[in-house]
Amino acid sequence: VILSGGLNNRYWVLDVGERPGHKTLTISCSKSLHPTETCLLKDGCLISGTSISSSIRCMRRFFMLIDYCSFDGGSKQMLNGTMVHEVFQRAATAKDFSLETLSKLANQALCSPQYLGDISLYVCLCLNDLTPSNSKARTRCQDLATVVTVAELADIEENVWSPRFGLKGKIDVTARVRIQRPRSGSHNTPEERTVPLELKTGKESNSIEHRSQVILYTLMSLERYNSEAGFLLYLKTGNLHPVVASHMDSRELLKLRNTLVHHIHNCVEKEAKRSRLSRLPEIVTDRQTCQYCPQKRNCALYESAADVREDVVRDFLEQETGHLIPPHLSYFSHWLLLCCLEAASMEAKNGRKRVWLQTAEESEKNGSCVGNVQLSGPVTVQSEGVFLHRFQRSSVVPQKGLASSGLASGDRIVVSDQEGRLVGLATGYLSEVSMTSISCTLDRDLSKFSGVLFRLDGDEGVIGLSTHLTNLSRLMENCQDSDRLRELVVDLRPPEFISNLSSVLPREAKDTVANILKGLNKPQKQAMKKVLLSKDYTLIVGMPGTGKTTTICTLVRILHACGFSVLLTSYTHSAVDNILLKLKRFRVGFLRLGQGQKVHPDILPYTEESARKKGVHSLSELEQLYNKELVVATTCMGIKHPIFTRRRFDFCIVDEASQISQPICLGPLFYAKRFVLVGDHQQLPPIVQNQEARSLGMDESLFKRLELHSGAVVQLNVQYRMNRQIMSLSNSLMYEGRLECGSERTATALLTLPFVLSVQSELSSYSKTHPQHDLAWIQPTLLPSNPVCFLDCSTVPALESVEQGGVSNPTEAALIHKILSLLIKAGCKPSDIGVIAPYRQQLKSISALLQSSAFTGVEVNTVDRYQGRDKSLIIFSFVRSTTDEGNLGELLKDWRRLNVAITRAKHKLLMVGSTKTLRLFFPELLHHIIQLPPAAHEALPSMSL
DNA sequence: ACTCTGCCAAGAGGA
């Protein structure tokens with residue numbers, strides 16, 4: 001934005017207005033003259049110190065936040081740097097820089113799982129870099145008479161979020177130093193200051209980047225320590241350089257920071273209602289700078305994608321993107337745009353900003369925050385880097401129960417002080433929440449802050465779209481793997497198959513495979529065959545209830561028996577573990593990668609973590625662990641794991657592939673020769689927040705994109721879940737009759753209600769005593785022999801309410817509550833019942849009515865959460881009862897969501913909704929309508945359970 | 001117009 005005073009003019013601030021969440025400035029370029037302008041200061045974007053200092057040479061680098069080290073392992077020097085940092089920090093904490101200690105620490109660092117995980121580990125620590133005499137680190141000030149001595153260590157790896165400057169970062173060492181200035185004559189006591197100390201293990205460059213980093217850290221810690229300067233400590237020489245942040249330096253760096261933020265917020269621009277990628281900051285085209293830039297490919301890709309070619313950079317672009325043809329570039333730029341749009345939507349609802357934009361009181365009202373707490377009792381060290389803290393409400397403020405805070409054990413939290421001076425002090429997990437106290441494990445020891453008032457905020461974490469972008473960028477790489485994948489994914493080259501099974505099937509595996517195949521039905525066997533014959537990929541359509549998990553499990557067993565290596569993935573941990581839980585019953589070994597906290601308890605013994613506990617002390621032992629199993633399982637996001645710097649697989653299987661967005665789904669495919677996508681695009685698509693991104697096709701999964709090659713598709717259409725009537729509803733809605741029952745037993749299975757007769761007689765006697773109520777409709781509703789019922793509430797006064805939190809319909813909720821109590825009384829097990837609604841708000845109002853213990857076991861959940869699962873009896877609440885289709889809402893209009901909802905039921909499906917709304921788009925329902933009398937939900941008796 | 005799961009992160013150093 002250029003203000004009226006011109007690009008770089010100066011302004012007077014005439015007035016400052018404070019509003020919640022933002023400030024307004026009234027400014028003018030002349031004190032006495034008009035035009036005044038109003039600036040709105042808001043938002044809470046924090047930029048890291050390193051991002052800013054690395055942008056000094058080239059601002060573009062910042063926008064290409066793609067971490068290559070995750071797949072090439074990084075350089076020797078970087079690894080060395082990380083390790084020496086740690087050795088120094090540990091030695092400093094122990095206040096011991098003796099050679100013995102240093103070498104002990106260095107050995108520990110070499111064996112620490114963190115570094116062992118890096119397969120490219122072949123670094124020897126240069127211990128002589130850290131000799132004791134150097135570590136005392138005297139300054140070489142210009143002003144030789146000034147002496148700085150490090151008196152005490154205040155902190156290491158301190159995490160700072162500074163909303164005031166919009167900066168964040170981690171400070172290597174925070175030190176208390178004594179500064180003795182030469183003053184003529186008299187007694188001068190040394191000044192004490194707490195300052196940031198930045199360690200560098202490379203060449204002593206004292207470069208502008210290094211110095212800027214220190215200046216930024218100094219700014220960040222201004223509010224904490226009032227530090228005026230920081231220090232650069234080069235460990236190779238032991239030299240300590242003071243870096244005094246001059247006003248101008250700080251100002252320039254903050255201006256750079258602001259420019260970066262401006263570009264972030266404006267990475268997409270609208271033109272004639274259509275969004276497109278904005279221009280990035282100008283390309284530097286300085287051979288010297290660009291030659292070694294790790295981001296040059298992305299830089300060139302972006303430039304080519306933006307379709308603005310300048311002559312100066314043509315050869316640079318040619319060099320980096322010459323191997324790509326226009327469709328490749330447009331695929332890249334299309335998805336880049338989609339990701340930018342989506343990122344903006346995700347950033348908008350990023351809850352982390354609340355920590356500094358809202359007071360604790362405000363935040364507490366919205367839930368997931370507890371303010372005014374103090375440390376109580378000592379901090380105990382649970383394990384390396386895990387500190388157990390206990391907090392209590394400060395007695396100063398009126399007590400409010402902590403349990404009602406919206407925070408629950410297991411939640412991720414951020415700890416800050418109440419005042420907003422120490423933001424983001426620590427992060428961790430809540431372990432216990434009681435009425436009076438909260439305990440949690442944090443990544444830092446906060447014992448030195450006893451007496452400080454804290455606030456704990458729930459932290460959803462910020463996951464940008466960096467994995468998406470990394471995968472997209474990788475797809476464009478000039479190498480064999482990427483070329484092939486690009487051909488298949490972007491050019492849509494038809495997949496090839498070999499004709500003869502005998503060439504892939506080892507003779508000795510034939511019997512085993514034949515044995516495994518025995519338990520499968522026809523389409524499942526076909527799927528196995530197709531996969532074995534594939535040279536590129538196979539798509540398996542798993543319609544509802546067709547034994548998708550079993551099929552995948554069997555596929556893995558067969559591939560395993562043939563000696564093929566398999567990478568097994570899905571988007572969610574639970575989907576991965578679902579297959580593994582089945583797989584572990586057979587003699588198939590596997591390695592499960594991923595955080596223990598997220599892994600199913602029964603799968604934990606197969607994780608890397610637990611294998612390590614048995615002892616991995618050397619690189620070769622680690623390699624053994626990584627290479628031992630033919631089958632490796634992880635989530636699609638888990639591909640940053642170091643195992644992938646080396647290992648490749650014969651097959652990659654992606655489950656729930658129709659729910660994964662293209663860039664994410666690509667990730668694991670880089671590591672396998674062939675892949676298998678399993679899904680069903682008639683079920684739920686990937687969730688996309690941004691409306692425009694969705695309309696531009698971001699919710700198209702790779703599964704759906706590749707489905708146009710029907711030769712690669714196998715359909716599992718024999719299902720063992722639904723009885724005939726429920727299945728035919730789905731068939732007419734979605735599958736055009738292709739879905740079949742696997743057996744007559746499946747087709748005719750009904751709900752068992754042992755006491756249905758007694759409930760019915762109870763109802764009829766109730767009818768007699770209450771003749772004013774028409775209860776004729778309830779009999780067919782309850783009857784198991786009537787598997788599909790649509791209860792039409794259109795005669796019942798609609799109570800649909802649209803609130804801020806979502807949509808709910810109390811009438812439907814009340815009706816469901818009463819019918820449920822009848823069904824349970826009739827002998828239906830609560831655990832056999834699922835209640836589904838499209839909206840969370842509706843689930844809340846239903847759950848509120850099901851508090852009595854008779855209902856425990858009834859699972860109330862969203863359609864989305866129910867995907868992949870089933871129940872004997874499903875009650876689905878449509879909630880919406882509008883006649884205006886335009887007002888229906890996107891969720892219900894999506895047929896795929898409706899399809900998922902109705903196919904969760906095995907034996908009986910009760911739908912509650914309004915025909916007014918539904919006949920608009922689902923006429924098949926009309927065959928199953930049960931017309932409700934007015935006030936049906938009130939007329940029904942409340943059964944005592 | 002309300003559906004949701006991923007992820008540890010800012011920085012390791014080189015020209």
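A note on names: the letters A, B, ... follow the listed sequences, proteins ahead of strands, and every chain is numbered from 1.
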TODO: Provide, to the nearest angstrom, the distance between the CZ atom belonging to A:Arg352 and the C1' atom belonging to B:dC7.
DONE: 11 Å
Task: Side-chain N or O of A:Thr201 closer than 4.0 Å to phosphate OP1/OP2 of B:dG13 - done: yes
- [ ] Using whole Å, report how far CZ of A:Arg61 lies from P of B:dA10.
- [x] 19 Å
Task: DNA chain B: 5'-proximal contact among A:Pro838 and A:Lys203 (nearest heavy atom) - done: A:Pro838
Open item on the list: What is the separation between atom CG on A:Asp655 and atom C1' on B:dT5, rounded to the nearest whole Å?
Closed with: 15 Å
- [ ] Round to the nearest Å and state the distance from A:Gln77 atom CD to B:dA15 atom C1'.
- [x] 12 Å
Task: Derivation and outcome, side chain to side chain contact (heavy atoms under 4.5 Å, CB included), residues A:Met911 and A:Ile902 - done: CA-CA 9 Å; A:Met911 292 167 280; A:Ile902 61 177; 4.1 Å; yes
TODO: Examine A:Arg257 relative to A:Phe165 and say whether NZ or CZ is less than 6.0 Å from the centre of the six-membered ring and inside a 45° cone about the ring axis.
DONE: no
- [ ] Verify side chain to side chain contact (heavy atoms under 4.5 Å, CB included) between A:Val678 and A:Glu656, making sure each step is shown before the conclusion.
- [x] CA-CA 6 Å; A:Val678 188; A:Glu656 289 186 341; over 6 Å; no
Open item on the list: In whole Å, I'd like the distance from the CZ atom of A:Arg57 to the P atom of B:dG14.
Closed with: 14 Å
Open item on the list: Nearest to the side chain of A:Arg897, heavy atoms from C-beta on, is which of B:dT3, B:dC2, B:dA10?
Closed with: B:dT3
Task: Electrostatic pair A:Arg869:A:Glu859 at N-O distance under 4.0 angstrom - done: yes
TODO: In whole angstrom, give the distance that lies between atom CZ of A:Phe88 and atom P of B:dA12.
DONE: 13 Å
TODO: Please state whether the phosphate of B:dG6, meaning OP1 or OP2, lies under 4.0 angstrom from any side-chain nitrogen or oxygen of A:Tyr571.
DONE: no
- [ ] With a 4.0 Å heavy-atom cut-off, tell me which residues in residues 657-666 of chain A come close to DNA chain B, sorted by residue number.
- [x] none
Open item on the list: Strictly below 4.0 Å, N to O, side chains only: are A:Asp457 and A:Arg352 in salt-bridge contact?
Closed with: no
Task: Carboxylate-amine/guanidinium proximity below 4.0 Å for A:Arg412 and A:Asp459 - done: yes
- [ ] Please state whether the phosphate of B:dC7, meaning OP1 or OP2, lies under 4.0 angstrom from any side-chain nitrogen or oxygen of A:Thr635.
- [x] yes
TODO: Respond yes when some side-chain nitrogen or oxygen of A:Tyr217 is under 4.0 Å from OP1 or OP2 of B:dG11, and no when none is.
DONE: yes
- [ ] Tell me what A:Glu198 touches on the nucleic acid: a base, only sugar-phosphate, or nothing, going by heavy atoms under 4.0 Å.
- [x] sugar-phosphate
Open item on the list: Once you apply a heavy-atom cut-off of 4.0 Å, does A:Thr862 come out as touching a base, just sugar-phosphate, or nothing?
Closed with: sugar-phosphate
Open item on the list: Counting only side-chain nitrogens and oxygens, does A:Arg840 get under 4.0 Å of the OP1 or OP2 atom of B:dC4?
Closed with: yes
TODO: Choose from B:dA12, B:dG14, B:dA9 the nucleotide whose nearest atom is closest to any side-chain atom of A:Pro294.
DONE: B:dG14
Task: Nearest-nucleotide comparison on DNA chain B, the residue closer to the 5′ end among A:Glu209 and A:Glu157 - done: A:Glu157
- [ ] Indicate whether OP1 or OP2 belonging to B:dA12 is found under 4.0 Å from a side-chain N or O atom of A:Thr82.
- [x] no
- [ ] Report the distance from atom CG of A:Asp172 to atom C1' of B:dA9, rounded to the nearest whole Å.
- [x] 14 Å
- [ ] Calculate the interatomic distance between A:Lys640 atom NZ and B:dA10 atom C1'; express it in whole Å.
- [x] 11 Å
TODO: May I ask you to decide if A:Leu422's main-chain N or O and A:Arg224's side chain share a donor-acceptor pair within less than 3.5 Å?
DONE: no
Open item on the list: Could you check whether the side chain of A:Arg865 and the base of B:dT3 have a donor-acceptor pair of N or O atoms closer than 3.5 Å, going by distance alone?
Closed with: no
- [ ] Rounded to whole angstrom, note down the P distance from B:dC8 over to B:dC4.
- [x] 23 Å
TODO: Check whether any side-chain heavy atom of A:Leu593 sits under 4.5 Å from a side-chain heavy atom of A:Thr635, and report yes or no.
DONE: no
Task: Salt-bridge present (A:Arg211, A:Glu198; N to O < 4.0 Å) - done: no
- [ ] Verify the contact: side-chain N or O of A:Ser48 to OP1 or OP2 of B:dG11, cut-off strictly under 4.0 Å; return yes or no.
- [x] yes
Open item on the list: So A:Met346, base contact, sugar-phosphate only, or nothing? Heavy-atom distance under 4.0 Å.
Closed with: base
TODO: State whether A:His468 places a side-chain N or O below 4.0 Å from either non-bridging phosphate oxygen (OP1 or OP2) of B:dG6.
DONE: no
TODO: Go ahead and write out DNA chain B as dot-bracket, 5' to 3': ( ) for pairs within the strand, [ ] for ones crossing earlier pairs, | when the partner sits on another strand, dots for unpaired; Watson-Crick or G-U wobble, both distances under 3.5 Å.
DONE: ...............
Task: Main-chain N/O of A:Leu446 paired to A:His389 side chain as donor or acceptor, under 3.5 Å - done: yes
- [ ] May I ask you to decide if the ring planes of A:Tyr234 and A:His210 are parallel, tilted or perpendicular, using 30° and 60° as cut-offs?
- [x] tilted
